[in-house]
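Computed from a prediction, not measured in an experiment: that's the story for all the values here. Order of the sequence lines sets the chain letters (A, B, ...), proteins ahead of strands, with each chain counted from 1.
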2 protein chains.
Amino acid sequence: MTVYGGSGDPKRSLELLWGIQDKPRRGPKPRFTIDDVARTAIAIADADGLAALSMRRVASELGVTAMSLYGYVPSKAELIDVLVDRVVGTVELPEHDGDWRARLERIARANWELSLRHPWLLQVSASRPVLGPNIVAKYDYDLRAVDGIGLSHLEMDLVVTLVADYVNGAARNAVEAAQAREQTGTTDDQWWEEFAPLLDTVFDAERYPTAAVVGAEAGAEYGAASDPERAFEFGLARVLDGLAVLIESKRD
Amino acid sequence: MTVYGGSGDPKRSLELLWGIQDKPRRGPKPRFTIDDVARTAIAIADADGLAALSMRRVASELGVTAMSLYGYVPSKAELIDVLVDRVVGTVELPEHDGDWRARLERIARANWELSLRHPWLLQVSASRPVLGPNIVAKYDYDLRAVDGIGLSHLEMDLVVTLVADYVNGAARNAVEAAQAREQTGTTDDQWWEEFAPLLDTVFDAERYPTAAVVGAEAGAEYGAASDPERAFEFGLARVLDGLAVLIESKRD
DNA sequence: GAAAACTCCATACGCCGTAGAGTATTGTCC
DNA sequence: GGACAATACTCTACGGCGTATGGAGTTTTC
């Protein structure tokens, strides 16, 4: 239930992310690498959510006290910055082929799956973009998907942003639905069955006839209050249709 | 930096949200109403962020101890459920006029502004939809914007979801940019000036030529790393274009 | 008036991020 | 090889968090 946002000192984060090291070191050898710390932290967040990701927890899984982590990372915020870049780095970036639409669709699906694989990702709010190596690589890759099809550089940026924004918005619903299923241990059907009569006692179908009929029909069709994956498929097709309007108008 | 998600016991939340009261009460009169508590909590979250919203803080602003809040609300999670419904209730729902596109555009802009007015809203993850009276009213209102234009009930739901999802995704960026400005006290220009040389030392423009040129051009044009409002305008137009393709195909 | 129901408070527990000081280990220089 | 400085890690502690528990005081019902 409790969740975090990243964004520590950007300068320090940058150094961490790009692995800038200072001088030969004099004291005892560090017991781990930053990678070890990051890997452990990601495993915790994946398994038990961002709320479970505490310095003490990471440290204890590494067999060490909480304070010793502060030799690797200036604070928890920078650690989270590192985590984000690391998981973004797990997205495969195969050579582009197909037309722009196929490319953007593949990117959208990859983003979608990334968010589902790391449900905590969308809960990290990066107040300023943390430009880690993997995020930069992905930005470049995404841009190249729409290069050379008549868009200005600015439009390329806007297009890539649009796709990413939509996927993030849609993925939130999927992530939350999945988490609800896990946390409460009830399936969508069970929850709906338990909840519906309660809602009936309170919801005035005559006052909101449209919501009543659409909600009921959607609920029956989805077998739940919503079907995030179906919504994603529908929305993605519309977004790409909308981009097609723009891109085809440039073709002339 | 620390942030919360809502979703307590749905049954209890529902009762709270719809103001179901039990029996005449026997003991001393409560000092406040749930509205008082909610209003105070919203003020705190608006002013200082969701991280600053603690039971102790709300209580102390009401001149009371933290534990006394638990007479009004079973836990913090349910309180947040209430807050969400309350702020959704501040969105104006004027009689629909214009065509579907004008209606959806107005809805999108209203959602956008709601998120900017209450920057914590997008950080609350509603694991299951919390169907408060205001959320239901808005769902009905949004659906009516696309009623009678040839869409099936399911499609109406999907369309409304698409618009909401996109706006949420885009608004996140705007909210985070605004928060970064506040928290760090630096303008976008200042931050960019300070950050750019650092990034140059690390970023290999030859390896990522597309990102380099597009990023530079966009940065110059925006006067910042991004321009969330411009991105929103661009994306919204595309989304509506995409919906037009669908809707016009139904007209026949 | 007695008893029940209720509001609110005081205390406490186990978490959290992290500041500060101390200890042990390692590399560098004479 | 020995002294010294830098480093990795530990221990302790502080002020925060959500909230369980139990008790004090107030109001309504019988």
Rounded to the nearest angstrom, tell me the gap between atom [atom1] in [X] and atom [atom2] in [N].
{"X": "A/Met55", "N": "C/dA19", "atom1": "CE", "atom2": "P", "answer": "10 Å"}
{"X": "A/Arg57", "N": "C/dG17", "atom1": "CZ", "atom2": "P", "answer": "12 Å"}
{"X": "B/Ile44", "N": "D/dG16", "atom1": "CD1", "atom2": "P", "answer": "15 Å"}
{"X": "A/Leu69", "N": "C/dG17", "atom1": "CG", "atom2": "P", "answer": "10 Å"}
{"X": "B/Leu53", "N": "D/dG16", "atom1": "CG", "atom2": "P", "answer": "16 Å"}

Open item on the list: Rounding to 10°, can you tell me the angle the first-five-pair axis of the helix from C/dG1-D/dC30 to C/dC30-D/dG1 makes with its last-five-pair axis?
Closed with: 10°
Task: B/Thr65 side chain, from C-beta outward: closest of D/dT19, C/dA10, D/dC9 - done: C/dA10
- [ ] Identify which nucleotide among D/dT19, C/dG17, D/dT12 has an atom closest to any side-chain atom of A/Met67, counting heavy atoms from C-beta outward.
- [x] D/dT12
Open item on the list: The test is side-chain contact (heavy atoms from CB on, under 4.5 Å); show your working for B/Ile107 and B/Tyr141 and say whether it passes.
Closed with: CA-CA 9 Å; B/Ile107 288 171; B/Tyr141 178 84; 4.0 Å; yes
Open item on the list: Determine whether a donor-acceptor pair (one donor, one acceptor, N or O, separation below 3.5 Å) exists between the side chain of B/Arg56 and the base of D/dG16.
Closed with: no
Open item on the list: What I want to check is whether an N or O donor and acceptor connect the side chain of A/Arg26 with the base of C/dT25 at under 3.5 Å.
Closed with: no
TODO: Quick one: do B/Val175 and B/Trp120 satisfy side-chain contact (heavy atoms from CB on, under 4.5 Å)? Show the steps, please.
DONE: CA-CA 9 Å; B/Val175 163; B/Trp120 47 272; over 6 Å; no
Task: For B/Asp46, salt bridge (charged side-chain N to carboxylate O under 4.0 Å, His left out) partners two or more places apart - done: none
Open item on the list: With a 4.5 Å cut-off on side-chain heavy atoms, are A/Leu53 and A/Leu83 touching?
Closed with: yes
- [ ] Take the angle between the ring planes of B/Phe32 and B/Tyr72 and call it parallel below 30°, perpendicular above 60°, tilted in between.
- [x] tilted
Kindly say if [X] contacts the phosphate of [N], meaning a side-chain N or O under 4.0 Å from OP1 or OP2.
{"X": "B/Ser68", "N": "C/dC8", "value": "no"}
{"X": "B/Tyr70", "N": "C/dC9", "value": "no"}
{"X": "A/Ser54", "N": "C/dC16", "value": "yes"}

Open item on the list: Once side chain to side chain donor-acceptor pair (under 3.5 Å) is applied, do any residues pair with B/Arg57, and if so which ones, sequence neighbours excluded?
Closed with: B/Asp48, B/Glu61
Task: A/Thr33: partners by side chain to side chain donor-acceptor pair (under 3.5 Å), with sequence neighbours left out - done: A/Asp36
Open item on the list: Give the residues of residues 28-36 of chain A touching DNA chain C, defined as any heavy atom closer than 4.0 Å, sorted by residue number.
Closed with: A/Pro28, A/Lys29
Open item on the list: Does this structure show an ion pair linking A/Asp35 with A/Arg86, if we count only N-O contacts that are shorter than 4.0 Å?
Closed with: yes
Quiz: residues 62-70 of chain B side-chain donor-acceptor pairs under 3.5 angstrom, not counting sequence neighbours:
| residue | atom | partner | partner atom | Å |
| --- | --- | --- | --- | --- |
| B/Ser68 | OG | B/Thr65 | O | 2.9 |

